[in-house]
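Quick note: numbers below take in every heavy atom, side chains included, and nothing from hydrogens, waters or symmetry partners. In listed order, ligands and their atoms are each counted from 1. In what follows, residues are counted from 1 in the order of the sequence shown.
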Amino acid sequence: MTVADRPALDIEALRQKYREERDKRLRPDGNDQYQRLTGRFAHYLDDPYTPVTEREPRTDHVTVAVVGGGFAGLVTGARLKEAGVEDVRVVEKGGDFGGTWYWNRYPGAQCDTASFVYMPLLEETGHMPTEKYAHAPEILEHCRRIGKQFGLYDNALFHTEVLSLEWDGARSRWHIRTNRGDDFTAQFVAMGIGPLHVPKLPGIPGIHSFQGHSFHTSRWDYAYTGGDPAGAPMDRLADKRVAIIGTGATAVQCVPHLAWACAELYVFQRTPSSVDVRDNRPTDPAWFAQMATPGWQQRWLENFTANQSGGPADEDLVMDGWTDLSRRVRARIDALAPEDRTMARMQAAYEESDHEKMEEIRGRVDAIVADPETARRLKAWYRQLCKRPCFHDEYLQSYNVPGTHLVDTDGRGVERITERGVVAAGREYEVDCVIYASGFEVGTDYTRRANYDLTGRDGVRLSERWAEGMRTLHGIHVHGFPNAFFVQPTQGANLISNIPHNLTEAGRTIAVMIKHALDHGFDEIEVTKEAEDAWIELLLSGTGPLLGSPDCTPGYYNNEGQELGPRWRLNAGYPHGATAYFAYLDRWRTSSTFEGLEFRRAAP
Ligand code: NDP
């Protein structure tokens with residue numbers, strides 16, 4: 001169908017429908033509707049994959065401690081090693097490297113952003129992703145590959161959680177205490193704790209009373225289900241009735257596997273995900289060999305980011321759902337006459353393109369799902385970036401599998417859990433197992449998610465420093481916290497479609513600064529108050545965070561629909577876009593003047 005053949009969109013009717021659907025879901029308790037996996041649920045957090053081994057507590061000193069052994073910690077550690085900083089210790093709560101890919105081994109787990117840009121350090125390790133969207137075991141193996149190649153296993157502490165980080169100004173070093181009795185020091189600390197590592201459960205009444213089996217998707221219990229992360233069928237579910245609560249990105253990936261494995265599967269839905277085409281395919285080694293010339297991954301990263309963030313891009317190397325979205329918006333804006341390119345007209349063009357895309361996604365549901373009522377209930381009524389966009393070619397098809405039932409709660413969620421099962425819309429569904437695909441803490445304070453606070457210069461805590469919201473330079477440095485670096489996207493590029501790109505650039509920058517300090521005999525690196533303030537002012541001069549519209553249906557992208565306030569405004573990225581940010585950061589770190597930082601020698 002050409003654009004001219006398409007029926008005109010009734011934008012006002014769509015807006016009205018979106019508002020109605022949002023209003024059904026707004027609730028006063030926001031993030032408080034969820035609960036942590038404590039008390040009776042604490043065992044849900046046990047590591048089902050690697051036994052914990054005894055070891056002596058560490059009381060030594062290292063040059064750099066890296067908190068977190070996921071992508072953020074791995075790329076930072078790797079860049080440090082590359083720079084010749086050998087004495088690096090990674091502290092990781094899992095039993096191995098991998099972070100989110102260590103914990104999330106649910107059936108069907110795979111990356112949603114193309115492997116060629118999602119998997120870090122491909123060129124350095126020489127790994128060719130086997131698929132456009134690699135599955136979890138390959139990504140986990142890649143994490144181990146990075147750990148091995150860069151010697152990060154040598155000094156790593158696994159199954160270890162940091163409990164406190166305290167700055168010792170007299171000796172220019174951090175004191176690190178852990179849950180394994182370690183009490184060691186590090187001149188520098190880099191923290192890559194990830195945004196999605198604290199699983200949460202819905203605070204559904206009666207949740208404690210269920211007498212059957214249950215677990216969270218991030219601790220998949222293959223001993224109960226049978227099968228394995230590599231895709232062996234879950235043969236122990238053939239006579240089981242299973243409920244899965246939640247229909248976010250995780251459920252979209254694991255429901256197709258459950259649908260074929262269970263006697264009966266009940267999928268409890270509060271808000272449908274938008275599920276666009278995935279179009280996964282194996283990588284052709286001949287194509288890869290010819291494409292992967294020196295510098296290829298950096299070129300792909302820059303191309304993807306340019307396509308995503310309005311940077312210069314004549315071609316689209318990745319060609320996926322993310323770049324399709326931005327290409328369409330750009331085409332609409334480019335079609336405007338120069339004199340019409342006002343903010344209002346550009347926003348209207350964006351909205352039109354968004355509605356068009358969502359109509360296609362809703363149309364896809366009708367084309368795939370056989371039962372019209374189920375199809376109606378699987379349609380997402382919100383703008384695409386209100387919730388995490390999903391891409392899958394078997395999820396919607398699952399509802400055509402006999403024994404798979406969508407239990408749509410029309411925005412209200414599960415009512416109750418009983419000893420026997422799950423209650424929704426007044427009916428009890430008796431089940432043998434409840435799987436919680438209920439996600440992770442996102443909108444809560446950094447120190448709550450980290451599970452430790454930092455005590456910086458003069459005894460000031462990070463939780464106090466950030467009481468009114470996050471304040472950094474580049475999302476990396478915080479005034480009053482010398483030699484501490486944050487590896488994460490916010491207040492940097494804030495490129496949500498490919499988080500690893502943010503992390504590799506932050507890791508590279510941190511390695512350059514630490515190397516500079518060591519080479520020149522500096523003991524401390526700290527951002528000045530003025531530079532931090534100026535950065536925040538620059539961020540606030542932009543249009544604000546990409547995500548978080550109060551018009552959206554509630555979710556972690558908009559603080560569950562609660563008042564966003566000035567703290568939320570600080571979740572912004574560089575106002576000129578991700579491509580411009582990475583170019584700026586590259587100039588900043590290669591200038592060797594590191595404007596805004598003070599490099600100090602300790603008093604003799
Ligand atoms: P989400 O937070 O996205 O989803 C949680 C789900 O639980 C939602 O559907 C939510 O509904 C539902 N829910 C919560 N409370 C209730 C209730 N009382 N009754 C019924 N349903 C309820 O978690 P996910 O684990 O799916 O995904 C988290 C994030 O992890 C993703 O957004 C993505 O960033 C990342 N991820 C990435 C993947 C990848 O890149 N390959 C794969 C999987 C996840 P509602 O929407 O109404 O709140």
Less than 3.5 Å apart, which donor and acceptor atoms pair up between the side chains of residues 71-78 and the rest of the protein, not counting sequence neighbours?
residue : atom : partner : partner atom : Å
T76     : OG1  : A72     : O            : 2.7

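- Using a 4.0 Å cut-off between a side-chain N of Lys or Arg and a carboxylate O of Asp or Glu, R327 and D316 qualify as a salt bridge.
- Side-chain atoms of S115 and E131 form no donor-acceptor pair, as typed in the model, at a separation below 3.5 Å.
- For F97, the ring-ring contact (aromatic ring centres under 6.0 Å, His included) criterion is met by Y153, F158, not counting sequence neighbours.
- Taking 4.5 Å as the limit, some side-chain heavy atom of D276 sits within range of a side-chain heavy atom of K357.
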Using distance only, find each side-chain donor-acceptor pair of residues 195-211 under 3.5 Å and give its atom names and separation, not counting sequence neighbours.
residue : atom : partner : partner atom : Å
H197    : ND1  : K93     : NZ           : 2.9
H197    : NE2  : R449    : O            : 3.1
K200    : NZ   : S438    : O            : 3.2
S209    : OG   : G206    : O            : 2.5
S209    : OG   : I417    : O            : 3.3
Q211    : NE2  : S209    : O            : 2.9

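- The residues lining ligand 1, counting any heavy atom closer than 4.0 Å, are Y34, Y106, Q110, C111, D112, L196, P202, I204, I245, G246, T247, G248, A249, T250, Q253, R270, T271, K387, R388, G413, V414, A437, S438, G439, F440, Y556.
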